[in-house]
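For reference, the structure is listed below as structure tokens.
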There are 4 protein chains.
Amino acid sequence: MKKREVMASVKDERLVQKRRDQMIKGAVALFKQKGFHRTTTREIAKAAGFSIGTLYEYIRTKEDVLYLVCDSIYDHVSDRLEKELDNKKGTLESLKLGIANFFQVMDEMQAEVLVMYQEVKSLSKDALPYVLKKEMDMVGMFENLLTRCVENGELKLSEQQVKIIAHDIFVQGQMWGFRRWALQKLFTLEQYIELQTELLFTGIKGDALKMVPDTKMDVGK
Amino acid sequence: MKKREVMASVKDERLVQKRRDQMIKGAVALFKQKGFHRTTTREIAKAAGFSIGTLYEYIRTKEDVLYLVCDSIYDHVSDRLEKELDNKKGTLESLKLGIANFFQVMDEMQAEVLVMYQEVKSLSKDALPYVLKKEMDMVGMFENLLTRCVENGELKLSEQQVKIIAHDIFVQGQMWGFRRWALQKLFTLEQYIELQTELLFTGIKGDALKMVPDTKMDVGK
Amino acid sequence: MKKREVMASVKDERLVQKRRDQMIKGAVALFKQKGFHRTTTREIAKAAGFSIGTLYEYIRTKEDVLYLVCDSIYDHVSDRLEKELDNKKGTLESLKLGIANFFQVMDEMQAEVLVMYQEVKSLSKDALPYVLKKEMDMVGMFENLLTRCVENGELKLSEQQVKIIAHDIFVQGQMWGFRRWALQKLFTLEQYIELQTELLFTGIKGDALKMVPDTKMDVGK
Amino acid sequence: MKKREVMASVKDERLVQKRRDQMIKGAVALFKQKGFHRTTTREIAKAAGFSIGTLYEYIRTKEDVLYLVCDSIYDHVSDRLEKELDNKKGTLESLKLGIANFFQVMDEMQAEVLVMYQEVKSLSKDALPYVLKKEMDMVGMFENLLTRCVENGELKLSEQQVKIIAHDIFVQGQMWGFRRWALQKLFTLEQYIELQTELLFTGIKGDALKMVPDTKMDVGK
DNA sequence: CATGAATGAGTTTTCATTCAT
DNA sequence: TATGAATGAAAACTCATTCAT
């Protein structure tokens, strides 16, 4: 699947990249705050530091901004994940590390990821598949890691189990971001990682469940 | 937390409820298809079967419709959950059943739940808390069930573990709906329930992991 | 060829007609003055006596206004022509009268006709044919009248001659309007009618050319 | 009346002329296709083969382009006419030839003439008179030719008749271009010339009307 | 002289909301 | 209560023109 090209009137590729970076940065901040639909193109231009006319030298429609934002976020996360996961050996230890790394990325890019998950649905029919593909790729990285573990004999999992676990890990990563209003009152990132990993490894019936002391349990509103 | 009141000019309570039901039904269908922002009040009125003027006899702003929709969905899901979970004994078997029931509800209300999760963020600052509260309540039901299991000695879990597991179950339910583009190609609902439950109970290291035969693995597009 | 329908949100046909009449009246005045492209929809709305929002309850695009204007002018001229020409006997006298009538119509509707001839080309590809058809119909009325004269033995003309003469008459009618900057300095309408008719009937070589005394020859700028 | 000067930043007269020729050529093609208003200055620059910045070194406003185009077309037609008509003797034969020549020019420059007649009205108030003057000059050439015929005793025409005939001839020339959608389905250029000339000379009542055999009468769509 | 990136006023169009009937 | 015509603020997008390089 080819990357969808966003047309720009400006020829200088270097400049295009620079302006788009400004644009994305400004847009993410605005989308985070008011969502894609409530953000106007003028606001985006202003946040990016240039005029509305200039904005439209680098995109054709408002939706292009959203696509650019999503694309950029995916690329970032994707790159990070690739670096972290691909060279990992198929051992339980490296799986654990991989998960921890991923959750950390999701924590760092919380804002961006949140924006993306709330706005992808606003992408038009022709941009969506590309974005979904990216997501599948990332889930695929976890599948690969898990498969390597299975091949190494470290884990015994059916194909379906590999798939579902990859999805679970992925969703738990996102969860930390988009349910932060609940989760981050209860846990620190480290605790979250620890708890989720342990749960994943041993299940709720497992005796081995370490009883981590409950700190940061200020549940009260 | 009191239910946010949506003002109506019409006095007849019976009529108000009837009209709002029409409205919600129409709106859900439209939101599902085009999202909240791309749906106009005229379309909502038409889908509800009355005029734009009448629509505004029962709400004050377009956002009221969204609130009403979310509220109605939450009430539905919440009611169902309450019926299923509250009277359940604190046994592993009933926990299992509770999860299965929940996933089934999420499957049945897939469309509505999807709509809600994509649009809640469009709720204004004063409607959001009420809706979030509802969500917490539902997570709370799972917490209670788990706690009963712990109290019964069926499970050994820290408070934090109870909390995180409740969230996980909840999110895995939603996942079935909002990642259906990926998951429902891979699994039937029954398989999904089976796989997730098993995983939750025994973890990935558990030897007990039943190797359910992989059917419906038509991963190919 | 069916009349192209211009969509209106408003249901009441009576009202639609009334509003469109206001609209056309205002638009003609503006187009006359500044042309279609230099006229804004807001100006049209204002000239019509209602708000921009209301304007768009009765049309979908700015081009609809142009189409409505052209259509209305054609209908007017066409109706007038039909009344004047269709019942005319096939005699030279009635042909003369028909031409005089037509030129008078063109004089009365000068402004409208001018507007139309300057702006039809701005009609989109799907509105143009309908408008051209109307024009052909009008030329056709002269063809019919001429043909009746030929059948009566009052004139001896080939089919091609009938066609070209019909076009000539038609264009000379328009000419009075769109070359008024030159012609109306030289002639009164009556003189113009007299001169053109005589010319048409006897040609430039005809001895019979009456030497109408030259008044209104204030050629000087 | 002095030719309106279009300011240019560039000094080199040779270059100015070259660039303007490129510009006019490109612009005519574009105007023909989409009209003056729907053509952007960027498109004109591109079609001319240079950048938008360069375009503005040779004009001050977009309207200058239109003026330049109109001016150039007029000059062309005017030159051609002058060559054809001025040295013509005042005989019927040379009048006939003059008309035929003119119609031929109009046929050759059809596109340009069409463009001009559709767009002159877009010229601002201060460019229009100059352009109108040019048109008067051309009509004047026919007036002169006719007057010479009258002086020679070949024709008996009042001053007013001379004027109106000159206008008729001129308009019939243009007609061939701007009513080509109708006329060119009915006649070849030769037939058109023949028919119009004959009509002009003998009128519709004239017995002398040759019955040219009707070919190319594929009136059907 | 040539370039093309930047600008922002201006344009069309939409749509939530009101209110007279 | 129900209706739907009227409103106008606000939004996306365009494009003639300028000016630093």
Side-chain angles (χ1 to χ4, degrees), chain A residues 8-12 15-16 18-19 37-45 49-65, chain B residues 8-12 15-16 19 37-46 49-65, chain C residues 8-12 15-16 18-19 37-45 49-65, chain D residues 8-12 15-16 19 37-46 49-65:
Chain A
S9 307
V10 173
K11 291 297 157 65
D12 183 342
L15 191 55
V16 170
K18 182 183 154 197
R19 291 281 180 258
H37 282 105
R38 295 205 208 278
T39 301
T40 70
T41 51
R42 293 191 117 85
E43 288 171 321
I44 296 171
F50 36 70
S51 71
I52 182 68
T54 301
L55 180 73
Y56 276 90
E57 292 287 314
Y58 296 92
I59 53 160
R60 252 192 6 188
T61 68
K62 187 185 174 190
E63 216 217 79
D64 282 344
V65 180
Chain B
S9 313
V10 175
K11 298 292 151 212
D12 181 344
L15 192 54
V16 170
R19 292 278 181 259
H37 281 104
R38 296 203 208 280
T39 301
T40 68
T41 50
R42 282 160 125 107
E43 288 171 318
I44 296 171
K46 189 177 211 178
F50 38 71
S51 71
I52 181 68
T54 302
L55 181 72
Y56 274 87
E57 294 291 320
Y58 297 92
I59 54 161
R60 236 172 15 108
T61 71
K62 187 186 175 189
E63 217 216 78
D64 283 345
V65 180
Chain C
S9 307
V10 174
K11 291 296 157 65
D12 183 343
L15 191 56
V16 170
K18 182 183 153 195
R19 291 280 179 260
H37 282 104
R38 294 205 208 279
T39 302
T40 70
T41 51
R42 294 191 115 83
E43 288 171 320
I44 296 172
F50 37 70
S51 71
I52 182 66
T54 300
L55 181 72
Y56 275 89
E57 292 287 313
Y58 296 93
I59 53 161
R60 253 193 5 191
T61 68
K62 186 184 175 191
E63 216 218 80
D64 282 345
V65 180
Chain D
S9 313
V10 175
K11 297 293 150 210
D12 181 343
L15 191 53
V16 170
R19 291 279 182 256
H37 282 104
R38 297 203 207 280
T39 301
T40 69
T41 50
R42 282 162 125 106
E43 287 171 319
I44 295 170
K46 188 176 213 179
F50 38 71
S51 71
I52 182 68
T54 302
L55 181 73
Y56 274 87
E57 294 290 320
Y58 297 92
I59 54 161
R60 238 174 11 111
T61 69
K62 187 186 175 190
E63 216 216 80
D64 283 345
V65 181

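Protein chains get the first letters and strands the later ones, always in sequence-line order, with residue 1 at the start of each.
When every heavy atom of B:Phe50 is checked against every heavy atom of B:Arg19, the shortest pair comes out as CE2-CD, 3.4 Å.
Comparing F:dA16, E:dT12, E:dT7 against the side chain of D:Thr40 picks out F:dA16 as the nearest. Closest contact between the side chain of B:Val10 and the listed nucleotides F:dA2, F:dA16, E:dA16 involves F:dA2. The B:Phe50 side chain lies nearest to F:dT3 when the options are F:dT17, F:dT3, E:dT14. Of the candidates F:dT17, E:dA6, F:dG8, the closest approach to any side-chain atom of C:Ser51 belongs to F:dG8. Closest to the side chain of D:Arg42, from the set E:dT17, E:dA16, F:dT17, is F:dT17. Listed nucleotides F:dA12, E:dA2, E:dA16 differ in distance to A:Lys62; the shortest reach to its side chain belongs to F:dA12.
Going from atom CD1 of D:Ile52 over to atom P of F:dA16 covers 7 Å, rounded to whole Å. Rounded to whole Å, atom C1' of F:dA5 lies 14 Å from atom CG of C:Leu55. For the pair A:Lys18 NZ and E:dA6 C1', the interatomic distance rounds to 12 Å; values are reported in whole Å. For A:Tyr58 and E:dT7, the OH to C1' distance is 12 Å, given to the nearest whole Å. Atom-to-atom, CD1 of B:Ile44 to P of E:dC15 comes out at 12 Å; the value is rounded to the nearest Å. Remark: P of F:dT17 and CD1 of D:Ile59 are 7 Å apart, rounded to the nearest angstrom.
Residue A:Arg19 is in sugar-phosphate contact alone, with no base atom involved, counting any heavy-atom pair closer than 4.0 Å across all strands shown. The residue D:Lys11 sits close only to the backbone: its heavy atoms come under 4.0 Å of sugar-phosphate atoms, none of a base. Across all strands shown, B:Ser9 has no heavy atoms under 4.0 Å from either base or sugar-phosphate atoms.
Separating the OG1 atom in A:Thr61 from the CD1 atom in A:Ile59 is a distance of 6.5 Å, to the nearest 0.5 Å. The line from OG of B:Ser9 to NZ of B:Lys11 is 7.0 Å long, rounded to the nearest 0.5 Å. Atom-to-atom distance recorded for A:Leu55:CG and A:Arg42:CZ is 10.5 Å, nearest 0.5 angstrom. Atom-to-atom distance recorded for D:Arg38:CZ and D:Thr40:OG1 is 13.0 Å, nearest 0.5 angstrom. Atom CD of A:Glu43 and atom OG1 of A:Thr41 lie 8.5 Å apart (nearest 0.5 Å).
Using N1 to N3 plus N6-O4 or O6-N4 for Watson-Crick, or N1-O2 and O6-N3 for G-U wobble, each under 3.5 Å, E:dT11 pairs with F:dA12. When both pairing distances are held under 3.5 Å, F:dA20 makes a Watson-Crick or G-U pair with E:dT3.
Comparing D:His37 and A:Thr61, the nucleotide of DNA chain F nearest to each residue sits closer to the 5' end for A:Thr61. Judged by closest nucleotide on DNA chain F, C:Asp12 is the one of A:Arg38 and C:Asp12 placed further toward the 5' end.
Aromatic ring pairs are classed by plane angle as parallel below 30°, tilted from 30° to 60° and perpendicular above 60°; the pair A:His37 and B:His37 is parallel.
Side-chain N/O atoms of D:Thr41 include none lying less than 4.0 angstrom from OP1 or OP2 on F:dC15.
Of the candidates C:Val10, C:Leu15, C:Val16, C:Val10 is the only one forming a side chain to side chain contact (heavy atoms under 4.5 Å, CB included) with C:Glu57.
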Report all interatomic pairs (protein N or O, nucleotide N or O of nucleotides 19-21 of chain F) with separations under 3.5 Å.
none

